Amino acid sequence: AAPRADAASALQFDAVAAKNRPVSKVITLLKDMLKQLEKEAEEDEEIYDKMACWCETNDKEKTKAIADAQARIEDLTSKIEGYTAMSARLGTEIKNLEKEVAKNQ
């Protein structure tokens, strides 16, 4: 019966000593690092989700704004061409009217 008691006490001694071994300290550090990394991963995922949502929303808004602006550019370009033609026509009319006025005086 005595060897069993010695074996049991040796196992208890080893369990207590195991907590103070360098390997156990490293394992504890690694577990702590794992917890910290998991926490940071959750935070990063939240930030990523917010950024992805922001990017998606802004992409849609900017794409629509660009399309609207391009349509407005086309509209304004056609108006400029029309006004340029009108300006040339009116300029010619003014010259012709000035000639008529000069003849009538």
Side-chain angles (χ1 to χ4, degrees):
R4 286 185 187 165
D6 288 339
S9 65
L11 287 175
Q12 287 176 354
F13 176 76
D14 287 344
V16 172
K19 291 181 182 178
N20 296 322
R21 288 187 185 153
V23 172
S24 297
K25 291 180 181 180
V26 169
I27 290 171
T28 303
L29 282 173
L30 289 173
K31 286 180 181 178
D32 291 344
M33 287 174 62
L34 179 63
K35 288 177 189 173
Q36 183 65 29
L37 286 172
E38 288 171 349
K39 180 183 170 192
E40 289 175 6
E42 287 177 19
E43 292 171 358
D44 289 349
E45 190 173 337
E46 288 175 20
I47 292 170
Y48 174 81
D49 289 344
K50 288 178 185 177
M51 289 296 293
C53 180
W54 182 84
C55 290
E56 189 176 312
T57 302
N58 274 357
D59 180 52
K60 289 177 185 174
E61 289 175 3
K62 298 301 179 194
T63 301
K64 184 183 181 320
I66 289 169
D68 292 347
Q70 286 174 335
R72 181 146 168 74
I73 288 169
E74 290 173 13
D75 181 48
L76 292 174
T77 300
S78 67
K79 284 182 179 180
I80 288 171
E81 291 170 358
Y83 292 142
T84 302
M86 184 188 293
S87 174
R89 182 178 55 82
L90 291 175
T92 304
E93 284 183 27
I94 288 171
K95 287 180 186 175
N96 291 338
L97 291 172
E98 284 175 349
K99 288 179 187 175
E100 279 188 40
V101 168
K103 282 183 189 176
N104 290 336
Q105 287 180 350

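Owing to the predicted nature of the structure, the values given are computational and were not obtained by experimental measurement. FYI, side chains are in, hydrogens and waters are out, and symmetry mates aren't considered; it's all heavy atoms of this structure.
The side chain to side chain donor-acceptor pair (under 3.5 Å) with Gln36 is formed by just one residue from the set Lys39, Glu40, Glu38; it is Glu40.
Leu29 shares a hydrophobic cluster with no other residue; no ILVMFWY side chain has heavy atoms under 4.5 Å from its own. Apart from Leu30 itself, the hydrophobic cluster it occupies contains Val26, Met33, where clustering links Ile, Leu, Val, Met, Phe, Trp and Tyr at side-chain heavy-atom distances under 4.5 Å.
With sequence neighbours excluded, the residues satisfying salt bridge (Lys or Arg N to Asp or Glu O under 4.0 Å) with Asp75 are Lys79.
Residues Thr84 and Glu81 are not in side-chain contact: their nearest non-hydrogen atoms beyond the backbone lie 4.5 Å or more apart.
Within a 6.0 Å sphere centred on CD of Glu56, other residues, nucleotides and ligands contribute 12 heavy atoms or fewer.
In this structure, Cys53 SG and Tyr48 OH are separated by 11.5 Å, a value rounded to the nearest 0.5 Å. Here the straight-line distance linking atom CG of Leu76 with atom CD1 of Ile73 works out to 8.0 Å at 0.5 Å rounding. Here the straight-line distance linking atom CG of Asp59 with atom CH2 of Trp54 works out to 10.5 Å at 0.5 Å rounding. Note: Glu45 CD to Glu42 CD = 8.0 Å, rounded to the nearest 0.5 Å.
For the pair Asp68 and Arg72, the salt-bridge criterion is not met [side-chain N within less than 4.0 Å of a carboxylate O].
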- [ ] Quick one: do Glu93 and Arg89 satisfy salt bridge (Lys or Arg N to Asp or Glu O under 4.0 Å)? Show the steps, please.
- [x] CA-CA 6 Å; Glu93 284 183 27; Arg89 182 178 55 82; 2.8 Å; yes
